[in-house]
Amino acid sequence: MSAAALVAALAGCGSGGGADAGASLSVDRVIELAEGVGKDGADACPIAYDAGKAAEAAEVGQGIGAGAAGAKAGEPMATAESERRTTDPQAGWAGKPGGLISCSYHVGGEGLTLHTVGTEAGSATNYLLPTAQLAGDMSVEDVKAFGTKAADAKPGEPVASKGGNVVTVRFDSGGKGDVALLVTVGENDKSALKPEQVLELARTFASQAK
């Protein structure tokens, strides 16, 4: 079974958006911010993520820079999609309220991407399983387990891939739908950062979102 098939199988599972410890971000807010990003992207992330503070908290000595590693001139830092803007009928939010905002950064020569996704149906993280699988070089069984654990996690509780370079954190969505942050660093299950540093980055970034 492919990761795309797993999305369909798992999309209706988990997530209740119940109030608990952790940062708060609503589905409506994700949609609002996503629709504020132009079709060609944006030069800044629309979510108030503070990369400097996250780098300090995770003890990333070289700091975190804006934009993807090796980004070309004019390449947007942020891109977004939403239910009202998507032209892909297979998108997780096609036909139901939801949206995705992806913001690119770099740590040295490695890419660091923050994917913030919200949906009124199912687990938010499950809509990004193909992205998680690729970055974490996960087997089908590993990505299935990752998606299930992420959907069951309490808001504010980070869930990491086996290699540690992919971490997701659910938000308190106010009882409506599900919202989550997926952090990926490096590629193919490899990163120069330690797994505990990626965990701390995810925790810190999640605490900043609003």
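Both backbone and side-chain heavy atoms feed into the values below; hydrogens, waters and symmetry mates do not. In what follows, residues are counted from 1 in the order of the sequence shown.
Checked by atom type and distance alone, the side chain of Asp178 never pairs as donor or acceptor with a backbone atom of Ala121 at under 3.5 Å. Between the Arg170 side chain and the Ala153 main chain, a donor and an acceptor come within less than 3.5 Å of each other. The backbone N or O of Thr204 sits less than 3.5 Å from a side-chain atom of Ser207, completing a donor-acceptor pair.
The salt bridge (Lys or Arg N to Asp or Glu O under 4.0 Å) test applied to Lys210 returns no partner, not counting sequence neighbours. Shown here are the ring pair (Phe, Tyr, Trp, His ring centres under 6.0 Å) partners of Phe205, two or more places apart in sequence or in another chain: Tyr49.
A 4.5 Å side-chain heavy-atom check between Val140 and Gln133 finds at least one atom pair inside the cut-off. With contacts defined as side-chain heavy-atom distances shorter than 4.5 Å, the pair Leu112/Leu201 qualifies.
Of the candidates Thr119, Asp28, Val30, Thr125, Val30 is the only one forming a side chain to side chain contact (heavy atoms under 4.5 Å, CB included) with Val179.
Residue pairs meeting the salt bridge (charged side-chain N to carboxylate O under 4.0 Å, His left out) criterion with at least one partner in residues 47-63, sequence neighbours excluded, are absent. Every pair tested for disulfide (SG to SG under 2.5 Å) that includes a residue from residues 109-193 fails, sequence neighbours excluded, so the list is empty.
A salt bridge is defined here as a Lys NZ or Arg NE, NH1 or NH2 lying under 4.0 Å from an Asp or Glu carboxylate O, and Glu157 with Lys154 fails to meet this definition. Comment: Arg29 engages Glu32 in a salt bridge, judged by a side-chain N to carboxylate O separation of less than 4.0 angstrom.
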Review item, side-chain donor-acceptor pairs of residues 62-80, under 3.5 Å, at least two apart:
from  : atom 1 : to    : atom 2 : distance (Å)
Glu75 : OE1    : Lys72 : N      : 3.1

Pairs of donor and acceptor atoms involving the side chains of residues 188-196, under 3.5 Å and at least two apart or interchain, shall be tabulated with distances.
from   : atom 1 : to     : atom 2 : distance (Å)
Asp189 : OD1    : Gly163 : N      : 3.4
Ser191 : OG     : Glu110 : OE1    : 3.0
Ser191 : OG     : Leu193 : N      : 3.0

